[in-house]
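What you see is a predicted model, and the numbers here were worked out from it, not measured in a lab. Index from 1, following the sequence.
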Amino acid sequence: MPLSTKLKLTTLLVCFAAITSVAQQAKSFAVMLERVGTSTPVMLKWNYDSDALSYTIYRRLPGAFLWGTAIGTKTATDSTFTDNGATNGVYEYYVEKKLINNFTGHGYIIVNTAIQQLAKTQRVLVLIDANYRIPLQAELSQLVRDYAADGWYADTLYIQRTSTPVQVKGKIKIWYDTYKNDDIKPQSLYLLGHIPVPYSGALFPDGHRPDHRGAWPADVYYGVMNESIWTDNTIDMDSSADARNHNFPGDGKFDISFLFPDTCSLEIGRVDLTNMPAFADSDTMLTKAYLIKAHAFKTADLVPQRKAIIDDHFGAMNGEAFAANGYRNFSTMIGADNVIAGDFLPSVKQSSYLLSYGCGAGTYISAYGVANTPNLVSDSINTTFTMLFGSYFGDWDNENNFLRAPLCSKPMSLASAWSGRPNWPLHHMSMGYSIGHCARLTQNNMEGDFLNPPSLSGYRVNNFPTFIHIALMGDPGLRLFYNAMPQNVTATPNSDSTQYTLNWDAQSGATGYEVYASQNLMHGGKLIGSSATNTATITTLSPGINHVYVRAKYTESGASGPFTQLSLGSYVTVIGGEKAVGIAERAASPILFTAYPNPSTNRFTIAGNFSGATMQVYDVTGKLVLSENNLSGGTSIDHRLKPGLYVIRLEAAGKTGFSKILVN
């Protein structure tokens, strides 16, 4: 398909300065869905709208491509629907609202007829800016431990800022290909720091042509495993005002503007707080502050109110109704009664909000009527998940960029997305899925004005579906809700350490506990036991060191109905097959070390504060391929390892640490 055809939809775009309202408000373009009760048959409800003519209801199994035929219709005055055809299982619903102005409103919800855990965690690769290796060693260790405590298998690689996107993608591909057939498969990619930014396309999703038409940042490049689509030989364009967006053959910027019919395989999020001089701190200190508040949120030490604020300065916008993104998503999470329209900045300064949406005519550092980057420097921004929309700042790789600014702010902002072109479906978060899961849904959602299949499918209606600019600013593993972890976990062995008795402080509201074990501190491990009380006996241990996590189980009751989710795990380290005493997590002091250069060719150095250490290196099958004794920090290791990913295990003075290294 020629580029001119691919970008045909741009002829329908209007400049953000020329806003035409075709309905009373953007809210009319949303159907604010909630579930009523917890039993079957499933009953849905939505907000009354005087502009509605009728409602049509569809149902499908999650992951299905088509919605199929409608399962029901309702009149303008109806606000509930009972689905007698839904029995046991998980269902996704789409409700379409016909409006008096011949436009349509939309709403989506996912429900679970049994109280169970739906979201699963597998493997995450954390690409870490090499500049942070030493100054953020403690925070990076905590980040990886938090991922493992949440059930993930966490792999890490340090990336030099001087690398090219192609070089970075090569490392990701090795990791992906290594584990794609494993039981624990690649799922998520966390870009932490100034990981090289890919650019691609000749696009202008904010409607500004020619001054903002060209290549935009394209983190999705790192998650699409089909390399053949990423060419760099056709686009020849320099109309944009900023040379960053120029795109020429052979310049390292790619040609494609959207993925369809290809898809992204990974859930990607970026925390890049470089080039933000409006904030007094360095990017290292800003990143440190981000990691600290993310840890506080995941461990339920930071708990915002379950409220949402929507600040809309575009209105209906010829039917696009950008702020409808907030209304349709937030109602499924916390209920329509907790979603209010108001002024963003004074609201989040005075009270905390779990969710927020703001849109207005934009610059690189502002959205009219919402806020600007200097506001986020000087004021406390008490909102955790933020969706924003306006011109220019969706192209986020620039100085003091407004989309990245919330992540630099205090005290609780953790995720930001440019939501409106296209819309972001976030309703899966109401059932415990991560925001990275929803980012990938958005990137792969083909529904739109010109890429619209003949049958009803996807999430409707979008401009710029599957375009390469869709990106999440924030930790992709973040969930909507977190609960308190078990505290004061201890482990008492029997005479030969083949059995341990675990004890911990019971958590208010917990319905039970699950116990997981792993021999790798960076891996969430396998389920080895469960308990309805605050004690458990475990016997399924491997010889040697076992990291045992105790996770509290809770029943969450969001607006989409109840589901089960687990807290992060508090862990004890126990030794199977030998007499030993468990070490409580909060008292544990694992060896902190790094191996560099990473990737390595035939030599690497072990850096850290230790002496007399024993080192073992294992390949991805668990085979021991290299061992050394009596090592100290700064020791260089010569090796003849084959290209691939390896695990380094270091032990000294009864303490153990792990790291990963890639060999080219």
Side-chain angles (χ1 to χ4, degrees), residues 126 128 130 132-145 148 153-158 160 178 491 493 496-497 517-523 525 541-548 571-664:
V126 186
I128 303 171
Y132 301 151
R133 181 197 301 267
I134 301 301
L136 298 184
Q137 190 175 48
E139 289 77 20
L140 295 173
S141 176
Q142 185 65 68
L143 169 66
V144 172
R145 288 171 62 185
Y153 280 49
D155 301 313
T156 58
L157 284 175
Y158 287 94
Q160 298 292 335
T178 297
D496 59 0
S497 296
S518 171
Q519 288 193 288
N520 190 329
L521 187 60
M522 300 166 69
H523 292 176
L541 295 171
S542 301
I545 293 175
N546 290 255
H547 302 286
V548 178
Y571 78 86
V572 291
T573 301
V574 302
I575 300 178
E578 301 175 25
K579 188 173 181 179
V581 178
I583 305 171
E585 177 219 5
R586 298 188 183 277
S589 300
I591 293 178
L592 298 177
F593 74 95
T594 56
Y596 68 91
N598 195 351
S600 164
T601 301
N602 52 27
R603 176 190 291 267
F604 60 82
T605 298
I606 303 294
N609 184 18
F610 58 87
S611 62
T614 298
M615 180 193 74
Q616 293 94 32
V617 180
Y618 299 87
D619 66 16
V620 294
T621 70
K623 179 182 178 181
L624 179 65
V625 294
L626 178 66
S627 63
E628 297 282 350
N629 296 314
N630 199 28
L631 302 181
S632 300
T635 302
S636 292
I637 307 295
D638 291 319
H639 65 82
R640 297 293 184 269
L641 299 175
K642 298 178 181 179
L645 193 63
Y646 295 86
V647 177
I648 302 173
R649 181 180 184 272
L650 204 67
E651 184 174 1
K655 303 174 184 178
T656 305
F658 295 89
S659 186
K660 296 289 182 68
I661 193 164
L662 183 68
V663 174
N664 286 338

Side chain to side chain donor-acceptor pair (under 3.5 Å) involving N598 - partner list, sequence neighbours excluded:
none
Rounded distance [0.5 Å steps], CG in L662 versus CG in L641
11.0 Å
Mind checking side chain to side chain donor-acceptor pair (under 3.5 Å) for Q519 and listing every partner two or more places apart, or none if nothing turns up?
none
Hits for side chain to side chain donor-acceptor pair (under 3.5 Å) against Q137, two or more places apart or cross-chain, chain-then-number order -> none
Backbone N/O of V548 and side chain of N546: donor-acceptor pair under 3.5 Å:
no
Nearest 0.5 Å please: distance from the CD1 atom of I545 over to the CG atom of N520.
11.0 Å
Output the distance between atom OG1 (T594) and atom OH (Y158), rounded to the nearest 0.5 Å.
6.0 Å
With side chains defined as the heavy atoms from C-beta onward, is the minimum distance between K655 and T573 less than 4.5 Å?
no
Using atom types as modelled, flag every donor-acceptor pair under 3.5 Å from a side chain in residues 630-637 to any protein atom, sequence neighbours excluded.
unit_1: T635; atom_1: OG1; unit_2: S632; atom_2: N; d: 3.2
unit_1: T635; atom_1: OG1; unit_2: S632; atom_2: O; d: 2.6
unit_1: S636; atom_1: OG; unit_2: T605; atom_2: OG1; d: 3.0

Interatomic distance, Y618 atom OH to S627 atom OG [nearest 0.5 angstrom]:
8.5 Å
Could you check R649 against T656 for side chain to side chain contact (heavy atoms under 4.5 Å, CB included), going step by step and ending with a plain yes or no?
CA-CA 7 Å; R649 181 180 184 272; T656 305; 4.0 Å; yes
Report yes if the side chains of F593 and M615 come closer than 4.5 Å at any heavy-atom pair, otherwise no.
no
I'd like to check the side chain to side chain donor-acceptor pair (under 3.5 Å) partners of H639; sequence neighbours left out, ordered by chain and number.
S600
Rounded to the nearest 0.5 Å, what separation is found between the OG1 atom of T614 and the CG atom of N629?
4.5 Å
Testing V144, V126, V647 one by one against K660 for a side-chain contact (heavy atoms from CB on, under 4.5 Å), which residue passes?
V647
For residues 596-608, which residue pairs qualify under salt bridge (charged side-chain N to carboxylate O under 4.0 Å, His left out), counting only residues two or more places apart or in two chains?
R603-D638
Listed partners of A595 passing side chain to side chain contact (heavy atoms under 4.5 Å, CB included), at least two apart:
F604, I606, I648, I661
Once you round to the nearest 0.5 Å, how far does CD1 of I128 lie from CZ of R133?
9.0 Å
Ring pair (Phe, Tyr, Trp, His ring centres under 6.0 Å) partners of Y153, counting only residues at least two apart:
H523
Should R145 and Y571 be marked as a side chain to side chain contact (heavy atoms under 4.5 Å, CB included) after you check the CA-CA gap, both sets of side-chain angles, and the distance that decides it?
CA-CA 10 Å; R145 288 171 62 185; Y571 78 86; 3.5 Å; yes
